[in-house]
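Just so you know, ligand 1 is whichever comes first in the structure, and atom 1 is the first atom listed for that ligand. What's counted below: heavy atoms across the whole structure, side chains too, no hydrogens, waters or symmetry copies.
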Amino acid sequence: MVVGGGPAGMKAAVIAAQRGHHATLFEAERRLGGQALLAQMLPGRAEFGGLITNLQRELELAGVQIHKGARVDRAAVMAEAPDVVLIATGAIPFRPAFPQEGALQIVDAWQVLRGQGTIGQSVVVIDWRADWIGIGIAEHLAQLGRSVRLAVSGIAAGETLPLYVRDHSAASLHKLGVKVLPYMRLYGSDSDSVYLQHVCSNEAVVIDKVDTLVLCTGHTPVDELSDSLADLGVETHVIGDAASPRTAEEAVYEGLKVAAEI
Ligand SMILES: Cc1cc2nc3c(=O)[nH]c(=O)nc-3n(C[C@H](O)[C@H](O)[C@H](O)COP(=O)(O)OP(=O)(O)OC[C@H]3O[C@@H](n4cnc5c(N)ncnc54)[C@H](O)[C@@H]3O)c2cc1C
C-alpha cells in the first residue's frame with residue numbers, strides 16, 4: 001500500500017510492482033504528481049512536468065492499481081490490511097511564527113501558484129531557502145506586473161542553484177526590475193509594512209507601502225499517518241518529503257530504494 005502520489009510514492013509503487021508485489025497507490029488529490037504539479041508552474045520550469053508524465057507511464061506499464069481522490073487514514077489502512085505501507089505523503093509550506101500587527105495580506109508560494117487570493121501591487125517575497133521557489137515566485141509576480149522586493153536570508157537570490165540556472169534567473173529578475181535584498185531576516189509586519197533585519201549587522205530594514213507578503217520559507221513534513229499506525233504492527237516506511245522535505249531527486253531515489261528492499 002503506497003500512500004501519496006507524488007514523485008516518491010509513484011516511483012515506489014512502480015518498483016514494488018515490477019518486483020512482483022501487488023502494489024496499490026492512493027492519492028488524496030484528483031491528480032498524481034504532488035508538488036511537481038506546482039514546480040512546473042514556475043517560470044521556465046514547464047519541463048518539470050515531464051517527471052509526472054514519465055512516472056505515470058511507468059505506473060501504467062507496471063500495472064499499478066491507482067486510487068485518486070482517496071485520502072488515507074488509519075481506518076483505511078486497517079481496511080486494506082496490507083503487508084507493507086509506504087508513506088509518501090510529502091510536505092506542505094512551513095509558516096514561521098513572527099509578530100504581526102494589522103491585516104497585511106500574507107500568502108505562501110503554493111497559494112500564489114494556485115491563484116488563491118488576489119496579490120497586491122507592492123509585494124515582498126521572503127526567501128529562506130534560496131532555491132527555485134523564491135526566485136521563481138519573484139519572477140512570476142514581476143511578470144504579472146507587480147512591484148517585487150525579494151528578501152533572501154543568504155548572500156544572493158538562488159544561492160543554492162547551479163550557476164547557470166541561477167545566473168539565468170538573476171538576469172530575468174534584473175530585467176523585470178525585481179529588487180533583491182540579501183542577508184535579510186523576517187522580523188515582523190503590520191498592516192502595510194514589512195520589518196526585516198540585516199542578519200550580520202542586526203540593523204532594521206523597513207519596507208513601507210506593502211500590499212502582500214509572500215512566504216517562501218520552506219516546507220514541513222506531512223507525517224501524521226506513520227504515528228497513527230505505530231501500534232498496528234504493519235511494516236511501515238516513510239519516504240521522500242514526508243521523511244524530510246528536500247527535492248524530487250531524493251524523493252524518487254528513496255521511492256526506488258525502499259521498494260527495491262521490500
Ligand atoms: C514550487 C515548487 C518548486 C519545486 N522545484 C523543484 C525543483 O526544481 N527540483 C526539485 O528536485 N524539487 C523541486 N521541488 C520539490 C519537489 O517537488 C518535492 O521535493 C517532491 O515533490 C517531493 O515528493 P514527495 O513524493 O515526497 O511528496 P509530494 O510531492 O509532496 O507528494 C505527496 C503527495 O501525497 C498526497 N497525500 C498527502 N497526504 C495523503 C494521504 N493521507 N492520503 C493520500 N495521499 C496523500 C499529496 O496530495 C501529494 O500528492 C519544488 C517544490 C515546489 C513546491
Side-chain angles (χ1 to χ4, degrees), residues 1-14 24-52 55-56 59 66-77 80 85-94 107-114 125 127 129-141 158 160-162 165-166 168-169 214-229 236-259:
M1 182 174 194
V2 183
V3 186
M10 291 170 89
K11 190 68 188 182
V14 167
T24 311
L25 176 63
F26 295 81
E27 166 53 47
E29 303 293 332
R30 295 190 179 283
R31 288 173 70 194
L32 296 176
Q35 292 170 61
L37 293 169
L38 294 172
Q40 67 178 350
M41 294 168 77
L42 290 173
R45 304 292 291 165
E47 93 285 355
F48 209 82
L51 172 66
I52 308 169
L55 287 171
Q56 268 171 333
L59 284 166
I66 301 168
H67 298 282
K68 295 183 204 164
R71 181 168 294 280
V72 172
D73 56 13
R74 178 186 157 93
V77 173
E80 192 75 9
V85 184
L86 300 184
I87 299 180
T89 43
I92 52 173
F94 173 71
V107 295
D108 60 52
W110 292 27
Q111 289 173 306
V112 172
L113 291 171
R114 286 174 172 158
V125 178
D127 180 6
R129 292 184 33 131
D131 61 5
W132 326 267
I133 302 179
I135 214 167
I137 290 288
E139 189 176 346
H140 170 67
L141 291 173
T160 65
L161 301 182
V165 180
R166 185 180 64 231
H168 183 76
S169 292
V214 182
L215 300 175
C216 302
T217 44
H219 297 131
T220 188
V222 175
D223 58 0
E224 298 81 22
L225 187 61
S226 64
D227 291 342
S228 78
L229 301 183
T236 302
H237 302 271
V238 184
I239 54 174
D241 274 17
S244 174
R246 287 152 297 161
T247 72
E249 288 173 45
E250 279 108 342
V252 170
Y253 174 67
E254 279 176 17
L256 186 151
K257 188 167 181 289
V258 167

Decide whether an N or O pair under 3.5 Å exists between [X] and ligand 1.
X: His219; value: no
X: Phe48; value: no
X: Gly240; value: no

Protein heavy atom at shortest distance from [atom]:
atom: atom 44 (N) of ligand 1; result: Ala28 N, 3.0 Å
atom: atom 48 (C) of ligand 1; result: Glu27 OE1, 3.5 Å
atom: atom 25 (O) of ligand 1; result: Ala8 N, 2.9 Å
atom: atom 32 (C) of ligand 1; result: Ala88 O, 3.4 Å
atom: atom 4 (C) of ligand 1; result: Ala39 CB, 3.4 Å
atom: atom 51 (C) of ligand 1; result: Gln35 OE1, 3.5 Å
atom: atom 34 (O) of ligand 1; result: Gly4 CA, 3.2 Å
atom: atom 26 (O) of ligand 1; result: Asp241 N, 2.8 Å

May I ask you to test the Ile133-His219 pair for a side-chain heavy-atom distance under 4.5 Å?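 Yes, side chains in contact.
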
So do Lys11 and Tyr253 actually touch side chain to side chain, heavy atoms under 4.5 Å?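 Counting from C-beta outward, Tyr253 and Lys11 never come under 4.5 Å.
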
At under 4.0 Å between heavy atoms, is it the side chain or the backbone of Ile133 that contacts ligand 1, or both, or neither?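 It is the side chain that gets close, since no backbone atom is under 4.0 Å.
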
Can you check whether [Y]'s main-chain N or O pairs, donor with acceptor, with [X]'s side chain at less than 3.5 Å?
X: Arg31; Y: Glu29; result: no
X: Glu80; Y: Val77; result: no
X: Arg246; Y: Gly240; result: yes
X: Thr236; Y: Ser226; result: no
X: Thr217; Y: Phe94; result: yes

Residue [X] vicinity, atoms of ligand 1 by number, heavy atom under 4.0 Å:
X: Leu113; answer: 1 (C)
X: Ala70; answer: 42 (N), 43 (C)
X: Leu42; answer: 1 (C), 3 (C)
X: Glu29; answer: 47 (O)
X: Ala91; answer: 30 (O)
X: Arg45; answer: 7 (C), 8 (O)
X: Gly90; answer: 27 (O), 28 (P), 30 (O), 32 (C)
X: Val3; answer: 40 (C), 42 (N), 43 (C)

Go through Arg129 and Asp127 one step at a time and tell me if the side chain to side chain contact (heavy atoms under 4.5 Å, CB included) criterion holds. CA-CA 6 Å; Arg129 292 184 33 131; Asp127 180 6; 4.2 Å; yes

Among [options], which one puts a heavy atom closest to [atom]?
atom: atom 40 (C) of ligand 1; options: Leu38, Val72, Ile52; result: Val72
atom: atom 14 (N) of ligand 1; options: Trp132, Trp110, Phe26; result: Trp132
atom: atom 21 (O) of ligand 1; options: Ala248, Pro7, Gly6, Gly34; result: Pro7

Could you walk me through whether Cys216 and Val125 satisfy the side chain to side chain contact (heavy atoms under 4.5 Å, CB included) test, starting with their C-alpha distance in whole Å, then the side-chain angles of each, then the deciding distance to 0.1 Å, before giving a yes or no? CA-CA 7 Å; Cys216 302; Val125 178; 3.7 Å; yes

Would you say CD of Glu47 has more than 12 non-hydrogen atoms from neighbouring residues, nucleotides or ligands within 6.0 angstrom?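 Atom CD in Glu47 is crowded, with more than 12 foreign heavy atoms closer than 6.0 Å.
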
Does a sphere of radius 6.0 Å around NE2 in His67 hold more than 12 heavy atoms from other residues, nucleotides or ligands, not counting ones at 6.0 Å or beyond?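 Yes.
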
With Val72, which of Thr89, Ile87, Val2, Val3 fulfils side-chain contact (heavy atoms from CB on, under 4.5 Å)?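 Single side-chain contact (heavy atoms from CB on, under 4.5 Å) partner of Val72 among Thr89, Ile87, Val2, Val3: Val3.
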
Do Arg45 and Glu139 sit within salt-bridge range, that is, some charged N less than 4.0 Å from a carboxylate O?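 Salt bridge between Arg45 and Glu139, a charged N being under 4.0 Å from a carboxylate O: no.
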
Trace of the side chain to side chain contact (heavy atoms under 4.5 Å, CB included) decision for Val85 with Phe26: CA-CA 11 Å; Val85 184; Phe26 295 81; over 6 Å; no

